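What follows is a short report on a single structure.
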Amino acid sequence: MEYNFEEIEKKWQEYWRDNKIYHVEVDHDKPKFYVLDMFPYPSGAGLHVGHPLGYIASDIYARYKRLKGFNVLHPMGYDAYGLPAEQYAIQTGTHPAITTEKNINRYREQMDKIGFCYDWDREVRTSDPHYYKWTQWTFLQLFNSYYCNKCKKAQPISQLVDILSKNGTEGLDVACTKPMTFTAAHWNAMSEREQQETLMNYRLAYLADTMVNWCPELGTVLANDEVQDGLSVRGGYPVVRKSMRQWLLRITAYAERLLQGLETLDWTESIKDVQRNWIGKSMGASVFFKVADKDIDFEVFTTRADTLFGVTFMVLAPEHEMIDQLTTDAQRKEVQEYVTWAKNRSERERMSEVKKVSGVFTGSYAVNPFNGTRIPIWISDYVLMGYGTGAIMAVPAHDSRDFAFARHFNLPIIQVVAKPGEEPSDPATWTESFDAKEGVLVNSEFLNGLTVKQAILRMIEELEKLGIGKGKTNYRLRDAIFSRQRYWGEPFPIYYKDGMPYAMDIKHLPLELPSIDAYKPTETGEPPLARAKNWVTEEGYPIETNTMPGFAGSSGYYLRYMDPHNENEYFSKEANDYWQNVDLYIGGAEHATGHLIYSRFWNKFLFDLGIACKDEPFQKMVNQGMIQGRSSLAYRVNKEKMAKVTGQKVNCEGPLFVSKNCKDRELFSDPILVDINIVHNDILDTEAFKAWRDDLKDAQFIYEKDKDGNDVFVCDWLVEKMSKSKFNVQNPDDLVAKYGADTLRLYEMFLGPLEQSKPWDTQGIEGTFRFLKKFWKLYQEISDEPATKEELKVLHKLIKKEEEDIERISFNTVVSAFMICVNELTDMKCNKRAILEPMAIMISPYAPHIAEELWHQMGHNDSVVNQKFPEFDAKNVVENTFLYPVSFNGKKRFDLELPLDMKQDEVQNAVVNAPEAKKWLEGVSIRKVIFIPKKIINIVVG
RNA sequence: GCGGAUGUGGCGUAAUUGGUAGCCGCGCCAGACUUAGGAUCUGGUUCCGUAAGGAGUAUGGGUUCGAGUCCCUUCAUCCGCACCA
């Protein structure tokens, strides 16, 4: 019987669906395992072969765990809100829900063909009101919470109100936007409006005026990770800084926990590093400097308190609020000009001109608290308002940025740290600063002779003694801006009374997205939701018109999968207690600073509320690499150049192309990209090429000869990103149609290690297709005779290899092991049920359709999916002898088969007396014999 | 600039703990079958050399009986961060 994959795959996909084979429920008799793919955004382009890579890997793992006796949760759904559908709506007027639905259906159709074991009964979509009810619900919880630094968790805001009304801010240690001090009496005397405004300083979801990344083209603000080089990641439009009233999430309250939590996670070091970097914890000191001749002071943050005697100037950010007070009349004009210029510079300019030094002197001086030196206060845009206090003490000798600034404006440089083992030198001769935290303090009074580390601690001690500074930890992490001026997102369950936001009652959730007449901002620049009719509460209060950003819906989706149809709760306690968190998360590394940090925050907050039982959402994560395209290139002749090179006139009307290996081709031709579908084995189908594009219909070709003397046109190739514009896209549907889903699944895994990026080679898929045909052939006439020792050995070698390799996410080597095994069994002409039955089970995670078919052909009526993975038994693979490689001076010369129980001297004897050894022992004496049982024999001669 | 990853045949890769470098597959070469082959099967395929043999895992060095693997140097490619005080 032929291997008819088309028929087989259709049959079993229907069987699985009709019999709900992949449906899972909480089952306390089995251990749970949760395997999750990162939430896809269903784009209009559909899937190319790179997308299913991670899905296939997680599918294999899920199926394997199931065979190993686990109750496996393996769901899929859609991150359905997003900009592309909305952009399309703006252009065409099509409701984004319609576009999204269409794209989802296409995704689903493509995924179904690949035979994934998702429990589709658990599908969620972020744009579904049943789902976003809980996104809104979580937002309200955040709005109604504050973060207690003492107990290190979120607490109800009502509790804070209690505290404030009893003690004011006395002894309060909570996360806030800026420190506030007031008494209980003061609090109690506030109007409701004032109280509400004060609470905004503490809520975990709060409204504030902030500088945002405003993208005029998209009409919305963007998160930092949605901006690159001053352009929007989606669309590439310019982004400017602008102050706007926005919702923010106080993720900074969780900075330390987000940092510490990384230690408990089984993620790659590189992703953890990216997150550590993003959180950017730095320990240092805050120091207050008095301003000379004025009764004011200002605060700086430094990690190098030890260098305080090396401070020769101060720098404030152009947005610093004390600039006015500090500017002398003589300097006022210049300062104003500079500040205006700096504020108006776009983010893009600022980034591209990082190296350019600019700044202005305020006219004021700060006073060094230890020696009274007057230190000029400057303003420069190399100091950022958003970090620390927006002011620094500049130590040009030991900070490269300060050094550049000092050199540019001719400011003094004082060395205060000597390099290890070196004497201090004249900074005037330096070409760069010495930034390393190594060395010994000099020119620094009581710090002299201390190492940098000691000096930092000592200085902080002194500062605290004087009451002008203290040790302080800073984080680079910023609160997450949570408002988008967009239509296609979750509405905020917030209404405004006297301009103050109030939370809607939970009973009004979900607050459904209203329909509007156009998907653009209003004429007055308000978000699209301002177009909605009756966008007010029952009492007539206006409802918030911003919507939530993309990461709102994707931050807690893995929790909803545990109990996706629950109408009364986000998810039940029972479901959460059982499924806990994700055991294996597979997806791209590009979400390192977005989704993966927001989800962790979201989860920690729900953990604080006591509704999520685990502090971290994703225990183990694997980041699959990209599949690159293999583009084909045809060389187009530059006729003038060719005439010059060959010395002959080129008579040819249409475009002329030259085969890759023609003589001097590189001298007179340039490559153009060719559709990979008209190139086979790097040979161009010239007729198809002419028909491909109108401008090529008269194309002519200079051929080369193949080995049989035929004219062929050979293309060159190139590895690059897979994209439509490069004509190198491989569509999984086409491959499934040609080879079947099982072949595609195997090939995607066979390509190489999951984490690595690798090019897609269309040719190579033939190999896995041949393998499946060979595999199929083994099963044509099953014999019930007992298996031989050799056959059992082959089987058990494979069992061990597959188990070990799947556990360490090495799927490519398992496919290879299967090929070896099938080659061996084919050579043995093995057709024993005792071998082939377990093999069918073992291949089912990789090639479920063929496995199911063969399983049923062997007379079973139940699904192969529900079987038990065969047990490895070491007794089947024991050997009595070992084929030793025999080396002389580390170079292998021959093999020698020896019993495993041989002693060292017997081995030595056997080797020296082996006929092959003679030649290598002539004229030399044996110095040493290295014998490692079951490994190697090495004879050292000389 | 900082941080991370990677570097092995013509190509994708394998070698899990320092122990036979190149498994498996693609491609290529030769042969068989065939009216035919972008089908199937068999054999070969790191490089140099007829061979014996020699060289060989980006580069140069080191540790070791033995290094793709460990340490140091340099180079290349990719990814992330980037005035974060």
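For clarity, every value in this text was computed on a predicted model and none was experimentally measured. Quick note: numbers below take in every heavy atom, side chains included, and nothing from hydrogens, waters or symmetry partners. In what follows, every chain begins at residue 1, and chains take the letters A, B, ... in the order their sequences are listed.
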Indicate, with a heavy-atom threshold strictly under 4.0 Å, whether A:Lys758 touches base, sugar-phosphate, or nothing. sugar-phosphate

If the P atom of B:G60 is compared with that of B:A67, how far apart are they to the nearest Å? 15 Å

Does anything in residues 794-801 of chain A come within less than 4.0 Å of RNA chain B? Heavy atoms only, and list the residues if so. A:Lys801

Base, sugar-phosphate or nothing for A:Leu751? Non-hydrogen atoms, less than 4.0 Å. sugar-phosphate

Is any side-chain nitrogen or oxygen of A:Asn938 closer than 4.0 Å to OP1 or OP2 of B:U64? no

Quick one: does A:Ile809's side chain get under 4.5 Å of A:Tyr61's, heavy atoms only? yes

Nucleotide opposite B:A5 in a Watson-Crick or G-U pair, distances under 3.5 Å: B:U77

With the side chain of A:Gln763 defined as its heavy atoms from C-beta on, choose the nearest nucleotide among B:C26, B:C65, B:C83. B:C26

Between B:A85 and A:Arg304, is there an OP1 or OP2 to side-chain N/O distance shorter than 4.0 Å? no

Any strand: nucleotide that pairs with B:U57 via Watson-Crick or wobble, under 3.5 Å: none

Check this one for me: any side-chain N or O of A:Ser400 less than 4.0 Å away from OP1 or OP2 of B:C83? no

Can you tell me if the side-chain N/O atoms of A:Lys935 get under 4.0 Å from OP1 or OP2 in B:U20? no

Pairing partner of B:C26 (Watson-Crick or G-U wobble, both distances under 3.5 Å): B:G10

A:Arg893 side chain near B:G54 phosphate (N/O to OP1/OP2, under 4.0 Å): yes

Once you apply a heavy-atom cut-off of 4.0 Å, does A:Lys738 come out as touching a base, just sugar-phosphate, or nothing? base

Salt-bridge present (A:Glu269, A:Arg276; N to O < 4.0 Å): yes

Rounded to whole angstrom, note down the P distance from B:G27 over to B:G38. 12 Å

Taking the nucleotide of RNA chain B with the nearest heavy atom to each, does A:Ile932 or A:Gly390 sit closer to the 5' end? A:Ile932

Do NZ/NE/NH1/NH2 and the carboxylate oxygens of A:Lys281 and A:Glu256 come within less than 4.0 Å? yes

For a quick check of understanding: with a heavy-atom distance under 4.0 Å over all strands, which category does A:Asn277 fall into, base, sugar-phosphate or nothing? sugar-phosphate

Please measure how far the C1' atom in B:C48 lies from the corresponding atom in B:C81, and state the result in whole Å. 47 Å

Sticking with atom P, work out how far B:C70 lies from B:A58, rounded to a whole angstrom. 12 Å

Check every atom of B:C81, B:G25, B:A15 against the side chain of A:Thr813 and return the nucleotide holding the closest atom. B:A15

Check every atom of B:C65, B:U40, B:G19 against the side chain of A:Ile936 and return the nucleotide holding the closest atom. B:G19

B:C24 phosphate, OP1 or OP2: any side-chain N/O from A:Asn812 under 4.0 angstrom? no

Quick one: label A:Ser282 by what it contacts on the DNA or RNA (base, sugar-phosphate, nothing), any heavy atom closer than 4.0 Å. sugar-phosphate

Check the pair A:Leu795, A:Met842 against side chain to side chain contact (heavy atoms under 4.5 Å, CB included), reporting the backbone distance first and the verdict last. CA-CA 10 Å; A:Leu795 175 71; A:Met842 286 163 69; 4.3 Å; yes

Using the C1' atom as the reference point in each nucleotide, state the distance between B:G49 and B:C33 in Å, no decimals. 36 Å

C1' spacing across the pair B:U17 / B:G68, given as an integer number of angstrom: 15 Å

Please round to the nearest 0.5 Å and tell me the distance separating atom CG of A:Asp734 and atom OH of A:Tyr739. 11.0 Å

Using a strict 4.0 Å threshold on nitrogen-to-oxygen distance, state whether A:Glu879 and A:Lys793 make a salt bridge. yes

By the rule that syn is within 90° of 0, classify the base conformation of B:G9 as syn or anti. syn

Can you list the steps and then say if A:Gln628 with A:Ser757 is a side chain to side chain donor-acceptor pair (under 3.5 Å)? CA-CA 7 Å; A:Gln628 294 141 313; A:Ser757 286; 5.1 Å; no

Between B:C11 and B:A55 - C1' atom distance, rounded Å: 23 Å

For B:C41, the Watson-Crick or wobble partner whose two distances fall under 3.5 Å: B:G31

Base, sugar-phosphate or nothing for A:Asn889? Non-hydrogen atoms, less than 4.0 Å. nothing

Between B:U73 and B:G62 - P atom distance, rounded Å: 15 Å

Taking for each residue the nucleotide of RNA chain B bearing the nearest heavy atom, is the 5' side occupied by A:Ala391 or by A:Arg630? A:Arg630

Residues A:Lys892, A:Asp895: salt bridge by 4.0 Å N-O rule: yes

What distance separates A:Leu900 CG from A:Tyr884 OH, expressed to the nearest 0.5 Å? 5.0 Å

Complement of B:A51, any strand, by Watson-Crick or G-U distances under 3.5 angstrom: none

